[in-house]
Amino acid sequence: MERWMMLWNSTALSAFTWGQAGMMLVGALLLYLAISKKFEPLLLLPIGFGAILANIPLAGLNEPGGLLYYIYLVGIETGIFPLLIFMGVGALTDFGPLLANPRTLLLGAAAQFGIFATLLGAIALNSLPGFNFTLADASAIAIIGGADGPTAIFLASRLAPELLGAIAVAAYSYMALVPIIQPPIMKLLTTKEERAVKMEQLRPVGRREKILFPLAVLFLTLLVLPTATPLIGMFCLGNLMREAGVVDRLSKTAQNELINIVTIFLGLAVGAKLSAAEFLSVQTLGILALGAVAFSVGTASGVLMAKVMARFSSKPINPLIGAAGVSAVPMAARVVNKVGLEANPNNFLLMHAMGPNVAGVLGSAVAAGLLLALVG
Amino acid sequence: MERWMMLWNSTALSAFTWGQAGMMLVGALLLYLAISKKFEPLLLLPIGFGAILANIPLAGLNEPGGLLYYIYLVGIETGIFPLLIFMGVGALTDFGPLLANPRTLLLGAAAQFGIFATLLGAIALNSLPGFNFTLADASAIAIIGGADGPTAIFLASRLAPELLGAIAVAAYSYMALVPIIQPPIMKLLTTKEERAVKMEQLRPVGRREKILFPLAVLFLTLLVLPTATPLIGMFCLGNLMREAGVVDRLSKTAQNELINIVTIFLGLAVGAKLSAAEFLSVQTLGILALGAVAFSVGTASGVLMAKVMARFSSKPINPLIGAAGVSAVPMAARVVNKVGLEANPNNFLLMHAMGPNVAGVLGSAVAAGLLLALVG
Amino acid sequence: MERWMMLWNSTALSAFTWGQAGMMLVGALLLYLAISKKFEPLLLLPIGFGAILANIPLAGLNEPGGLLYYIYLVGIETGIFPLLIFMGVGALTDFGPLLANPRTLLLGAAAQFGIFATLLGAIALNSLPGFNFTLADASAIAIIGGADGPTAIFLASRLAPELLGAIAVAAYSYMALVPIIQPPIMKLLTTKEERAVKMEQLRPVGRREKILFPLAVLFLTLLVLPTATPLIGMFCLGNLMREAGVVDRLSKTAQNELINIVTIFLGLAVGAKLSAAEFLSVQTLGILALGAVAFSVGTASGVLMAKVMARFSSKPINPLIGAAGVSAVPMAARVVNKVGLEANPNNFLLMHAMGPNVAGVLGSAVAAGLLLALVG
Amino acid sequence: MNELLSEALTIMLIGMVTVFAFLTLLIGAMAILRWFTAGADQLPASTSARTAAQPQEQLMAAVAAAVHKYRRDRR
Amino acid sequence: MNELLSEALTIMLIGMVTVFAFLTLLIGAMAILRWFTAGADQLPASTSARTAAQPQEQLMAAVAAAVHKYRRDRR
Amino acid sequence: MNELLSEALTIMLIGMVTVFAFLTLLIGAMAILRWFTAGADQLPASTSARTAAQPQEQLMAAVAAAVHKYRRDRR
Ligand code: NA
Ligand code: NA
Ligand code: NA
């Protein structure tokens, strides 16, 4: 009889809380978005599954001794997982289009205004009841505007670990929503003629230039902003392995098996941070709202910067490519291409948008380093 | 002269014990079985090699600071390695045949009687001198009847780490011996006519059904038996990645590189638990005997359950497929197919046996969760 | 204003030391050698990059909490990374040529004289001002003569961690320089007629012989020199997985993804040991000089041993193959082949040189185990 | 000893009941699942099988293309 | 609260200045880089692209060889 | 210093003796091994070599099949 009681007490039915049930629904929603809507499935599927696993009562997966607890401890608290992902992303990135048109770096810079405007917005939100973001919290939230998953997770793990779950979910969700969020803003800020502008073909870029570029980026970063070197350093290592041409087996492993393994673990660990106490609060709503602001402001400032540049440039510049400066590689560049084709069926902007797109990755990593230096 | 003495004292010849020599022979035997007899070589080769390495005097591979010590600490004491293997197995498992014929789940349930009968047997063995199994020990031994390596290692690491080596060796050895253990029992309990029964072709299963199935399994598990969620959760994550169709690169990594890397380490760590003090005892003989009982009882109860179901079913059921309920995927299903072909050369039971086969995996994971809840 | 000051204080410009700048130049030099000169790029590229990252002021990558710190702690301080690399190298090694001509093992033995002569040289160097090597330091330096990266890193991590960076850099650099260092020595010690000697074709080697060989090596090692079993054990495990033919998926993972992942991390962690305080000293110059001595003496003693063997052998032996005894697989064997072709355009020594080449790997692992036993 | 045996018996009983209950519930869940997805297109499922076939298909396509080109060139 | 806001404003200002300064410096660095590598042969770059193409090329080469052998044999 | 040197000399002596002894023992072991496996079929060994060759072989087989089919079709 006693053992039957033990059994009953060990079923979840006797121990469930509403919060846990709610978080499981959130996990299920993320799985739905990942599988049916194809919203960044590589991350949102493990995150959603991790959220379910972490909220099972009595299973202890997220408590000392549990799998998710260990994964979080080893990979996120140390910052290792986002850095390894960033190395893999570096190995997957081709800087050719950026090198062919260096000025597009400024578009990647302008789009980071989304980050800093959101920082201001998060602090302003404190005037509402229920919100009490510190500068560190606000900075971690603002980085959603960087539209770059590993950067957001890395910064949040340093500045506001208790918000990490909500921030990562918001970042990946909005990255998936880029095709919905960006086009209206892009159309609002440009005329049809501007959107139809064709750009000149990009020059081919030499192998040496490509090898030296990641080293130049690293060198500038370590001089100017050492706090950004973990992120930018690993990114540049990945890119150097890619371009050096002498360590292809390492580069391929970084692009494939290593990034895949780390992605599974990173997703589960982020999911493990989706606990009811931290996620089911008005703060999360604030974070989601601020994330939308961040993406929108970033898109707008990128487009406006491109319009300014177009005015002063001798060569034609299509202002749409400014929208790709938020990063969200390669989705944002594809959106630019699509909107450009709508205005002019012969206007292929994809390669032109890849420049600001990868510039945005560097820009938001710089912004993250800066926030670490100032409020870390 | 002094250094020559140091050298002599540092040779193993001066330090060997009979126990260590004996365990090296055990390791060599496992290597022989793995390589020459092809007994579950993926596990038994690293286990055998690990057993040799762990028992080298003065090498310290299994002491603090040694390689095997670290691997065990990180991967087995935490339970991480068996869970990652289980995720990979989930990604390798096709639930189609089970979904096409859900009733075969009951065969996977019946075969778990092997586990619980063995639990009883282990306690009964205490009446002999030299045996003194606790309920936790007996439960860890009983899970050998689950015919599922990662489940056995996971449960043993929680309930009886000092028996882990013997339990893992027994589990994998008997899984390799399935083609020898099962056929006589199957033939004893069935007539030739029963074995010749042909079954109807399986219906095709839709993609959505396959995606939702692992989630349904997880949902039931977390409601009814949360202690089984580490095992079943990781299994379902692997299967969901496989079927979702949107994260193929993660699924492939889980099925290949990740499971391979973990298998090497898991094998070495299990081998490291094969120390003379723990393995060269009458208890190990008891464990080997109980393991044989577990497989036999499981096979018999699966077949008998299938005979009962055949009586009450409108569609024909070949009772042989009940034997596949012990899991030992995919060996047991192949044995069913072979015995069926002997009785009727046109009778292909393989796909029909895959249903109970994968059901057995779920069944023994449930049993493991239950044992964790009751005696953990 | 205060925040602008924070920003300035957080730029590296305010914090750089000459030593750090110097080490970055060393890192850049290693990258140049790796990429432009193709000097062992798989290791020297990550090592060079790691050296740069580790010396960035204020970034903290090499301090507690930093990425490089963790990687070093987990992988090198424990000895795990070099052992895993060695397992992969074992899985990549074909012992066929050695088994076909066992006497070439003696060439692999003779070439280890480079190690022990260097040990003596390192101690002798103490008579110069600025040098103060202990026996442990001298042993770690001497192993450079083993011409085997993982062995050198493993031994240095045990005996002289503060010299590990310089030792690893010297070892890999000289391995890359083998085509420049060896030929003059080889030509000095042989006549043109000797270099033109053709050797008999190798007998084919059976599969069983190849399977049993790694086990025989392990058995001898554990009897005679247990301190060598971590290195030789993992090497033999890799080779057994390769030859067993029943665990190809494990063998392939060990040869590819696993060794690639570990190589990236190992390189970064070695680079992290390149700190100004430890590297920019007269000791490093001593280590570089001793490394050159080690390679030269090893080459010479291998060639001389081969000449002795040629005199007493009934079958013809080309003394050049002795030079391959230093290991540096497969570079040294290729150099032998090239020098042999110069003397006789029909003389293909590659396969004959592979025997001493892999024998050299065993020889230096034995030497490392011996040094661990005597001065560890 | 006797007490342990009776405990083991209890666990056996609880265990078999639970395993059967769990898997029976799962049969029910599968019935619901089938009913729930009945409307959906019954795709041939198993993406992984499809992807596994890919290299082979690519190979055959490449061979076909080469042979086609060769045939055309000979004319 | 008001203080926090002004801090946030300062960070925004510093942040945008730094980001623009950094990326402008990088534009300069890229100009130097281009000038520095101008002499070098402008190889088609992107080794990875080349390596990715390799299997395909090997395949086509093998096919070509097979077809060539076949053509020769038929004579 | 002098003492260290003599220690180093001792280690050199012990070292070379041990290395030679070890590898000489191994030569003996290899002789035993060869004698022991002499009866066994001398298989072409090296499974890994075989497996490495596989894709190439598969490729050639596929090409051969395609060419064969083409030849048959042309008749
Ligand atoms: Na960005
Ligand atoms: Na089972
Ligand atoms: Na060597």
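As a basis for the values below, the full set of heavy atoms in this structure was taken, side chains included, without hydrogen atoms, waters or symmetry mates. Numbers restart at 1 for each chain; the letters A, B, ... are given by sequence-line order, proteins then strands.
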Flag the pair [X] / [Y] as yes when at least one side-chain heavy-atom distance between them is below 4.5 Å, and no otherwise.
{"X": "V247(C)", "Y": "I35(B)", "answer": "no"}
{"X": "T78(C)", "Y": "Y69(B)", "answer": "no"}
{"X": "L250(C)", "Y": "P46(B)", "answer": "yes"}

Nearest atoms (heavy-atom pairs only) where P226(C) meets P57(B):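 The pair with the smallest heavy-atom distance is CB-O, 3.3 Å.
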For T229(C) and A59(B), work out which heavy atoms get closest and say how close.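 Shortest heavy-atom contact: OG1-CB, 3.1 Å.
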If you tally heavy-atom pairs under 4.5 Å against chain C, which of L67(B), I71(B), L31(B) wins?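 The candidate making the most pairs under 4.5 Å is L67(B).
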Could you measure the distance from the [atom1] atom of [X] to the [atom2] atom of [Y]? Nearest 0.5 Å is fine.
{"X": "I80(C)", "Y": "F265(B)", "atom1": "CD1", "atom2": "CZ", "value": "7.5 Å"}
{"X": "L83(C)", "Y": "L61(B)", "atom1": "CG", "atom2": "CG", "value": "8.0 Å"}
{"X": "L225(C)", "Y": "I56(B)", "atom1": "CG", "atom2": "CD1", "value": "11.0 Å"}
{"X": "L215(C)", "Y": "I52(B)", "atom1": "CG", "atom2": "CD1", "value": "6.5 Å"}
{"X": "K252(C)", "Y": "N260(B)", "atom1": "NZ", "atom2": "CG", "value": "10.5 Å"}
{"X": "E257(C)", "Y": "N256(B)", "atom1": "CD", "atom2": "CG", "value": "8.5 Å"}

With a 4.5 angstrom heavy-atom cut-off, which part of L237(C) approaches chain B: side chain, backbone, both or neither?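 Both the backbone and the side chain of L237(C) come within 4.5 Å of chain B.
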So for L372(C), is it side chain, backbone, both, or neither that comes closer than 4.5 Å to the heavy atoms of chain B?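 Neither part, no heavy atoms under 4.5 Å.
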Give the intermediate values and the outcome of side-chain contact (heavy atoms from CB on, under 4.5 Å) for residues L218(C) and L53(B). CA-CA 9 Å; L218(C) 177 66; L53(B) 290 183; 4.0 Å; yes
Please name all residues satisfying ring pair (Phe, Tyr, Trp, His ring centres under 6.0 Å) with F81(C), sequence neighbours left out, ordered by chain then number.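 For F81(C), no residue satisfies ring pair (Phe, Tyr, Trp, His ring centres under 6.0 Å) once neighbours in sequence are set aside.
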Set out, in order, the CA-CA distance, both residues' side-chain angles and the distance that settles side-chain contact (heavy atoms from CB on, under 4.5 Å) for L268(B) and M234(C), then state yes or no. CA-CA 11 Å; L268(B) 285 173; M234(C) 292 308 282; 4.2 Å; yes
